[in-house]
Amino acid sequence: MELKIHNSLSKKKELFEPITPGYVGMYVCGPTVYGEPHLGHARPYITFDVLYRYLEHLDMKVRYVRNITDVGHLEDELAGEGEDKIAKKARLEKLEPMEVVQTYTNSFHDKMDRLNTKRPSIEPRASGHIIEQIDMIEKIMANGLAYEVNGSVYFDIHEYSKSHKYGELSGRILEDLVAGAGNERRELAAQSDKKNPEDFALWKNAQPEHIMRWPSPWGVGFPGWHLECSVMSEKYLGKTFDIHGGGMDLLFPHHECEIAQAKAATGINPVKYWMHNNMITINGKKMGKSLGNFITLTEFFAGSHDFLEQAYSPMCIRFFILQAHYRSTVDFSNEALIAAEKGYKRLINAKGILSKMEHPGNEVAKDAAADEAIQKLCVRAYDHINDDLNTAQVLAELFEVSSKVNAYQNKQLDIAELSKATFDKMKQTFFTFFTDILGLLDESGSTGDDGSMDGVMNLLIDIRKTARENKDFATSDKIRDSLNELEIQLKDGKEGTTWVKN
RNA sequence: GGACGUGUGGCCGAGUGGCUAGGCAGUGGUCUGCAAAACCAUCUACGGCGGUUCAAGUCCGUCCACGUCCUCCA
């Protein structure tokens with residue numbers, strides 16, 4: 001079975017076939033760096049990190065481009081006095097705009113690193129591509145699909161619609177946008193320079209007080225909202241590339257406009273597969289900037305938010321997100337996160353056992369049925385990831401392995417029921433998926449001095465063992481309880497006692 | 001108002017026509033000095049109504065509820 005992904009353009013799962021065999025160009029919309037990254041940001045970057053990892057696992061050469069938006073988003077364009085978000089924040093904090101950008105870029109990188117997302121191949125900034133953006137605007141104008149008014153340039157959707165289909169991605173019909181009943185804002189927009197309210201800005205004339213500004217053929221200004229992604233994806237991935245990802249909330253208008261811009265400039269459909277992750281909700285509502293109901297990743301990691309009952313580690317967050325399919329909404333709650341944390345620890349525990357586990361070496365399985373079940377499980381793991389990245393199902397398979405591994409460890413099952421080959425395959429599959437593809441790390445306190453810690457623990461376990469043999473349960477329980485208070489848990493198994501730091 | 005989507009057991013969450021999802025929590029058991037851990041077993045489901053079908057959580061219709069987008073947002 002080969003990789004299938006859901007294409008938002010066709011609204012179907014499609015077999016993934018790179019434009020150039022063996023090579024994949026992937027563009028994912030990055031953050032606008034004017035605030036601390038929150039839980040909602042974790043979703044797309046973890047989702048596409050898994051895709052990135054999996055494509056590499058399939059031996060594809062992937063160029064993963066993810067931008068940093070450090071210019072261009074208007075705060076309130078409807079009132080006709082739009083202010084760049086970066087610029088506004090800069091004034092509030094009395095910082096240089098680029099200082100704001102750097103601060104939040106650093107924070108974004110830090111949080112993404114902690115979530116164990118691999119950094120993209122190229123991370124271009126909008127402000128570094130002003131020339132290219134001007135260049136694309138000129139191409140669109142040359143094709144008669146944009147017009148200049150008072151130092152601003154707008155995309156002419158009506159003209160574009162004569163030769164192209166606007167709305168192919170979002171399923172929107174131009175007439176609906178125009179007619180848009182109950183949308184008073186359209187009337188406000190109509191007061192602007194646009195020929196039609198549906199037209200969107202490619203270049204905006206900068207008012208004198210506007211800090212972030214660049215010269216252009218149309219005067220001093222700044223690029224429009226949707227242009228950067230078109231420009232940077234084309235620059236680094238070509239006029240047409242394989243995968244474009246992002247949150248569903250970007251589907252319209254952002255991605256619709258990207259398609260229009262690219263087609264208007266080059267005549268070519270820019271993206272083969274559009275992929276959109278769904279939102280994280282809190283109390284059933286989308287967590288986001290606009291509703292102000294977001295919890296930052298810093299707050300999650302520290303547990304420093306009224307809504308949070310405890311701190312949640314980066315891997316807990318990652319696991320939580322991977323437990324749901326990326327195209328479903330996932331509702332945040334303390335209960336759900338605590339469940340995720342426990343599930344994650346269960347897998348980590350199994351992983352630790354599995355890494356040390358040895359197989360007796362029999363080439364023939366003692367239990368053919370059990371052996372076959374594991375073989376099938378290993379195949380299913382791939383089937384699931386191939387099925388539009390069904391990480392939830394992959395995790396379910398890993399849990400199955402965990403139960404087996406625990407049973408082997410405790411001699412509840414005989415590991416020789418599996419052949420050596422099957423055991424090795426199970427081990428390899430588990431590690432490949434857990435570590436390489438799902439990108440889950442063991443964050444349980446390996447703090448460098450494992451050597452002495454192991455020695456101390458072995459000593460305590462040994463003393464306790466002697467005490468238990470002498471029926472001195474007061475001593476043995478004291479050791480166990482005291483260690484528990486230090487968040488070290490002892491596990492008494494048939495093969496002796498092991499310990500784990502919580 | 002328009003476009004799209006969702007509604008699964010105590011909680012989270014897979015699953016798209018017949019085959020145990022899984023995790024967390026609960027219950028019973030095995031193991032244990034006791035417990036924990038682990039394993040085994042087990043309970044609680046597919047929003048309402050109607051239809052198609054030998055068979056529907058899964059398809060169709062309808063109603064209800066909720067969400068996303070239509071304005072910056074991952």
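Computation of the quantities below employed the complete heavy-atom set of this structure, encompassing side-chain atoms and omitting hydrogens, waters and symmetry-equivalent molecules. A note on names: the letters A, B, ... follow the listed sequences, proteins ahead of strands, and every chain is numbered from 1.
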Worksheet item: Do A:Y64 and A:F48 come within less than 4.5 Å of each other through their side chains, counting heavy atoms only?
Response: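 A:Y64 reaches A:F48 side chain to side chain.
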Pick base, sugar-phosphate or nothing for [X], based on heavy-atom distances below 4.0 Å to the nucleic acid.
| X | result |
| --- | --- |
| A:H276 | nothing |
| A:M279 | base |
| A:K285 | sugar-phosphate |
| A:V330 | sugar-phosphate |
| A:I338 | nothing |

Given that both distances must come in under 3.5 Å, which nucleotide forms a Watson-Crick or G-U wobble pair with [N]?
| N | value |
| --- | --- |
| B:U44 | none |
| B:C59 | B:G51 |
| B:C11 | B:G23 |
| B:G33 | none |
| B:C66 | B:G5 |

Discussion item. I need the residues from residues 465-475 of chain A with at least one non-hydrogen atom less than 4.0 Å from RNA chain B; give them sorted by number, or say none.
Written reply: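 Output list: A:R468, A:F473.
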Discussion item. Give the residues of residues 476-489 of chain A touching RNA chain B, defined as any heavy atom closer than 4.0 Å, sorted by residue number.
Written reply: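 Nucleic-acid contacts, sorted: A:S476, A:D477, A:R480, A:Q489.
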Worksheet item: Looking at A:W274 versus A:H255, is the centre-to-centre ring distance below 6.0 Å?
Response: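 That pair passes the under 6.0 Å test.
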Worksheet item: So, A:F155 versus A:Y160, ring centres under 6.0 angstrom or not?
Response: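 Ring-ring flag for A:F155/A:Y160: true, centres closer than 6.0 Å.
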Discussion item. Please give me the minimum heavy-atom distance between A:L490 and A:R480, naming the atom from each residue.
Written reply: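 Looks like CD1-CA, 4.1 Å.
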Discussion item. Quick check on B:G15: is either OP1 or OP2 less than 4.0 Å from any side-chain nitrogen or oxygen of A:N390?
Written reply: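 Answer yes for this pair, as a side-chain N or O of A:N390 is under 4.0 Å from OP1 or OP2.
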Worksheet item: Would you say A:K286 reaches B:A74's phosphate, i.e. side-chain N/O to OP1/OP2 under 4.0 Å?
Response: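 For B:A74, neither OP1 nor OP2 has a side-chain N or O of A:K286 closer than 4.0 Å.
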Roughly how many Å is it from [atom1] in [X] to [atom2] in [N], rounded to a whole number?
| X | N | atom1 | atom2 | result |
| --- | --- | --- | --- | --- |
| A:R318 | B:C12 | CZ | P | 24 Å |
| A:K342 | B:C11 | NZ | C1' | 12 Å |
| A:I280 | B:C73 | CD1 | P | 18 Å |

Measuring from the side chain of [X] (C-beta onward, heavy atoms only), which nucleotide among [options] has the closest atom?
| X | options | value |
| --- | --- | --- |
| A:Q393 | B:C39, B:A14, B:C70 | B:A14 |
| A:R464 | B:A14, B:A38, B:G33 | B:G33 |
| A:E335 | B:C11, B:C69, B:A37 | B:C11 |

Worksheet item: With no hydrogens and no angle check, do the side chains of A:Y326 and A:D388 hold a donor and an acceptor under 3.5 Å apart?
Response: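 On atom types as modelled, these side chains qualify, holding a pair under 3.5 Å.
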Worksheet item: Going by distance alone, is a donor N or O of one side chain under 3.5 Å from an acceptor N or O of the other, for A:E198 and A:Y166?
Response: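 Side chains of A:E198 and A:Y166: no pair found under 3.5 Å.
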Aromatic plane relationship, [Y] with [X] - under 30° parallel, 30 to 60° tilted, over 60° perpendicular:
| X | Y | answer |
| --- | --- | --- |
| A:F307 | A:F332 | tilted |
| A:Y27 | A:H244 | tilted |
| A:F399 | A:F319 | perpendicular |

Practice prompt. Return the 5'-most residue of the pair A:K404, A:Y45 with respect to RNA chain B, ranking by each residue's nearest nucleotide.
Written response: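 Here A:K404 is the residue nearer the 5' end.
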